[in-house]
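Here's the structure, in C-alpha cells; my notes come after.
Computed over heavy atoms, backbone and side chain alike; hydrogens, waters and symmetry mates excluded. Note on naming: letters A, B, ... go to the chains in the order of the sequence lines (proteins, then strands), and numbering restarts at 1 for each one.
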Amino acid sequence: MLHGLRMAKSSPALQFKVLAECPVTKARTSLMTLPHGTVETPVFMPVGTQGTLKGLLPEQLEQLGCHIMLGNTYHLGNRPGIELIKEAGGLHNFMNWNRSLLTDSGGFQMVSLLELAEITEDGVKFKSPYDGSECMMTPEHSIQIQNTLGADIIMQLDDVVSSTTTGPRVEEAMHRTIRWLDRCIAAHQNPEKQNLFPIVQGGLNPELRKACAKELIKRDTPGFAIGGLSGGESKDDFWKMVHISTDILPNHKPRYLMGVGFAEDLVVCSALGCDMYDCVFPTRTARFGSALTFTGQVNLKHQKFKNDFTPVDPECPCSTCKTYTKAYIHAIATHETMACHLLTVHNITFQMRLMKRIRESIKEATFVEFVRNFMFGLYPSKNYPKWSQDALNAVGISLL
Amino acid sequence: MRRMSNFVLDSLATSSSSSSRLGRWTVSSSGGETPLSVPTPAFLVHTLGGSVPHLTADVLLQHVFPEQRPPLLVSIDNCATFVDSVAQFGSGIAKFAGLPQFPVFLSPHNPGKKVLPSGYNIGESVALWGRRGKTALTVAEHQRIVAAFKPQFFQTLSDYDISSTSGLKRMKKSTTRTLEFLDKTTSGSSNGADLFATVELGWFKVDGEEANKTVKAMLTNKLDAIKGFIISGQGLTCAEVYLSGSSGRMIPEGVTLSLSPNKTEGQKKGPMNNKKRTQMDTEKKSSLNSTPVEDKADEDDKSTDSTKTSDLDYAAISEVVALLPAHLPRYVPGPLSPYEILELVLLGVDLFDSSWVTASADLGHVLVLDELTKYFPDGHEVKINNESLPGGKNGDEGTNSSNETGCTISIKDKKYFSDFTPLSSSCSCYTCRKHTKSYLNHLYATEELLGPVLVMIHNLTSFNTMMATIRHVVKKDAGVSSQTESSTSSQESLDRLKQCLKPC
C-alpha cells in the first residue's frame, strides 16, 4: 500500500514519458526530461571522466547529438577537488557543458583500487593515489560531493563487489547497498534539481538480484540503475541478471545499465528493457586506433589500411568520415593526438547513430526486424554468440 | 600544371633603424581555386604528420582559420613513414591530411626539432631524422616526394651539419654539397612547385668569406629558379621561452624550449589515460634515439641545452639578408618567440612558422596579448565577449591579476587553479569565449587531451593577431599607413610593440 502511494509521487527533476513500446520485446523509447534538457532514450552516455570528453570541444559533442554525458565523482573529487568546482558554480559551469550530466558515486573506482580500499559499514576508506592521504568515502560524503557537482542524475554509493565474486560477500554487499541507499536519500540536498538513482546489486545470483530490486523499488526514486555487471562475468550470467532486474523495475521509470557500451550489448539490453548506458569503450578504443562500424570494429593500425583511400564508413555523417581516409588515420594513428580526436569523433557518432536506430525502430514498430538485421550485419555468417541468441529468444526474437 | 607563387613587395621601410618590409605573397591553393594572397610578414602553419597538432580539420576551419588559408608547413621527416601512401593517393599531402583548402610549403626537416645529429650527411644524401630513425634523403628521392606531396613551395636540401664549432673542412663540404643539391634540384623537374633555396647560417659563423661566395654562386647561377630563401641553421631552432614560476619568480634567461616535453616536464606519470600521451612523447623523443647514434644524439642535446641559450645571432642573419635580392621572400624557420620574430621582421625577414605555437601547447604556455591589443586595437578587431563564460567572477577589470610582464603565461602555474577569467581578456577566440584559466589549469594538471586543443586554438589565434599587429606597425614605419590622424610616431609604435612582446 505504502509502496503504491510512493510510486504515485512524481519526480520534480525528471519526467519520463514512454513514447513507444516494442510489441514483442521489452524495448521502449522514451523522453527523459532533466533540468538541463530532454534526452531521448535508449541513450548512450559518453564518459567524460575528468570534466572533459577526450579532446572534444563541448560544442563538438553537442553537434554529434550528445545530450547527456558522465563525470566521475572520484576523479573530480581528487582533481581539481570539490571546493574549486563549488567556486566555479558546479561541474556544468566549470567545464562549460550546458546539457545534462550524470555523476557516479565513486564506488566503482573502489573495485579498481580495492588493494587500497577498506570497506566498512560506515563507508570506504582508501588512499588518494595522488598524494597518498587517507580518504573516507561515506554515502553521505558521496552525495554531498555530487550535490556540489550538480549533475542532473546522481548515483547512490553502492558496495560494489567484483562481478565474479561469489559467496556471502555478495549478499552482504547487496544488503549494505540498500542501507547505504537510505543514507544517501537522507543526505540528498537537492532532490528538486538532481535525481538520485539507486543501484540494483546482487552479483550473479538471481535471488539476490530479485530481492535487491524489490527492496529498491519501495523507495520512490526517479529512476534505477543495474550495477555490478560488465566486469568480466560470463555473458550468459550478464544477460540473465539484466533480464531479471528489468522484470522487476517499474516500467514508468528509466533503467540505467552501468558500464555497457559494446554495440551488440546495447542492442540486446535495449531489447531487455534498458534505457541508459555508459562506457569508456568507444573513446578508449579510439585512442588505440580502433574505429566502430555496423560491421564490427576496425583497427586502423593494421597495415592493410596503408593505401585504403576510403573513409572509415562511407555512410557515416561525422566530420572524420567526411574529410579523412583510412590511409591517413593509419598514417598518424597512435602517434599524433589528432588521430585520437578523429576516431573519438567517429566512435561517438557511431554510438549516437546506433542508439538513434534503436529508438526509431521502436517508434516505427520495426525493432525486431532491426535487431535481426543488425545482428546479421555483425555476423554475416550467422555465427551468433549463444548468449545473445538466448537473450533475444527470451524476449521473443529469433535471429535470421 | 599548378600555378606558382608571386611575391610582391608593397613597400620597403624607410626608417633608418629598420629594414622591415611589407609584401604580398600570392599563392595558389592545392584545390586550384582562386589564388590566395598572403600579406607578409606572415607565418606558415606548423604541422606534424600533415596536420596542425591537436586540431582536426573541422576545428581548425571553424575556430582558427574560418577565412584565412595560410600555407601549411609540412616537413618530410615527420611524414616519412607514409610517403608511399601519399604517392599512391595521387592528390598531394594537403588533401591526404584532410586540409585541401590550404597551400603547402614542404621542408625536409621539422623546424620544431632541436638539433639534428652531426656526422651523418654523407655521399649524395642528407640524413633525415624521422619517427623510425634516420633515413638518407637524396635529391632524387626528395624530388619524388615533392612530386607526391604536390606542395606549392619546397625547400631545397642542404648539408645542415654546420655550426660555429665546425672546422673549415666541414664547412667546405657543407657549402659544396649544398650547391650540388641546388644544382641537381634545379636541373630536375620542379614538379610545378616554387623552390626556396637554403642558406645555412652556420656558414657565416665559420668562414664569412666562403659563405658569401656560396650565396653569390647561388644568385649568379640559379636566380631564375629560386623563388625565395630560407635562412636556416642549428642555432636557430632553439627558441626562448620565458615563463613565470609559481611564486611570480621568473625562470632565468637561457631557458630553452625543448620539443620533448617529457624532458622538460620530468617523467611525471599521470593516471592511466595518459599512458598514451607519454608513449607519444617517448616516440617523439625517440625520433632521435632510435638509431645507432643514441648516445651521441643525447650528448648533443645536453650540450646544446647548457650552452646554447636563445641568443639568435641577429648580426649573422642581418648579414645574410643583406646578400639576398630584395624581390624574393626570406623565411627563417624554427620555434621563434614573438619577440624574436619582431626583431627578425625589422631585419627584413618575411616568413616564419608556428612551431613555437606547437611547442607552447605541449608545455602549456599561453600567448597573452592584452598589452598589445590595448595599444594596437586596430591591429585586429577588438571584440571582448565573455558573456558565455562560465564561473561568473570576471577578475579585476579582466586584466591579468598578476604582476606578470611579457606575453606568455604558463597555464600549469598553481596561481591559475582558481582563476575563472579567460586566458586573455582581449581575445575573442573560442577558448577565451568558452573557458577559464582554471579549467585549462585542470586540463593540463590531468593531462587531458583537450588542454592542448584549447591552447592551440588560442595561441594560433594570438599568433595571427601578433603578426597582423607587426604588419600594422611595419606599415606605419614604412610611411604607407593611411591613418594620418594617428598621434603616435612610428618609432613610438615600434617601441611599444617591442615592449609588449618582450620576454619577461
Inset, instruction - Answer yes or no: is there a donor N or O on one side and an acceptor on the other, between the side chain of B:Thr436 and the main chain of B:Phe420, under 3.5 Å? - result: no
Inset, instruction - Could you have a look at A:Leu57, A:Val280, A:Thr323, A:Leu56 and say which one has the most heavy-atom pairs with chain B under 4.5 angstrom? - result: A:Leu57
Inset, instruction - Quick one: which of B:Cys79, B:Pro53, B:Ser51, B:Ser85 has the most heavy-atom pairs under 4.5 Å with chain A, could you say? - result: B:Ser85
Inset, instruction - Considering only heavy atoms and a distance below 4.5 Å, find which of B:Leu450, B:Asp58, B:Val52 pairs most often with chain A. - result: B:Leu450
Inset, instruction - Compute the centroid of each ring, for B:Tyr444 and then for B:Tyr416, and state whether the two points are separated by less than 6.0 Å. - result: no
Inset, instruction - Would you tell me whether A:Asn299 and A:Ser290 have side-chain atoms, one donor and one acceptor, within less than 3.5 Å of each other? - result: no
Inset, instruction - Specify which of B:Tyr439, B:Phe417, B:Phe89 makes the most heavy-atom pairs with chain A at under 4.5 Å. - result: B:Tyr439
Inset, instruction - Answer yes or no: does atom CZ of A:Phe262 have more than 12 heavy-atom neighbours from other residues, nucleotides or ligands under 6.0 Å? - result: no
Inset, instruction - Would you please indicate if the ring centroids of B:His63 and B:Tyr430 are separated by under 6.0 Å? - result: yes
Inset, instruction - Tell me, for B:Leu55 versus chain A, whether the close heavy atoms (under 4.5 Å) come from the side chain, the backbone, both or neither. - result: backbone
Inset, instruction - Specify which of B:Gly98, B:Ala97, B:Gly451, B:Gly50 makes the most heavy-atom pairs with chain A at under 4.5 Å. - result: B:Ala97
Inset, instruction - Identify which part of A:Phe309 has an atom lying under 4.5 Å from any heavy atom of chain B, answering side chain, backbone, both or neither. - result: side chain
Inset, instruction - Mark yes or no for whether A:Arg99, through its side chain, and A:Cys66, through its backbone, hold a donor-acceptor pair below 3.5 Å. - result: yes
Inset, instruction - Below 4.5 Å from any heavy atom of chain B, which atoms of A:Glu83 appear? Answer side chain, backbone, both or neither. - result: neither
Legend entry - Largest heavy-atom contact set with chain B, pairs under 4.5 Å, which of A:Thr325, A:Thr52, A:Ile329: A:Thr52
Legend entry - Ring geometry between B:Phe96 and A:Tyr328 (parallel below 30°, tilted from 30 to 60°, perpendicular above 60°): perpendicular
Legend entry - Residue part contacting chain B, namely of A:Ile332, when any heavy atom lies under 4.5 Å: side chain
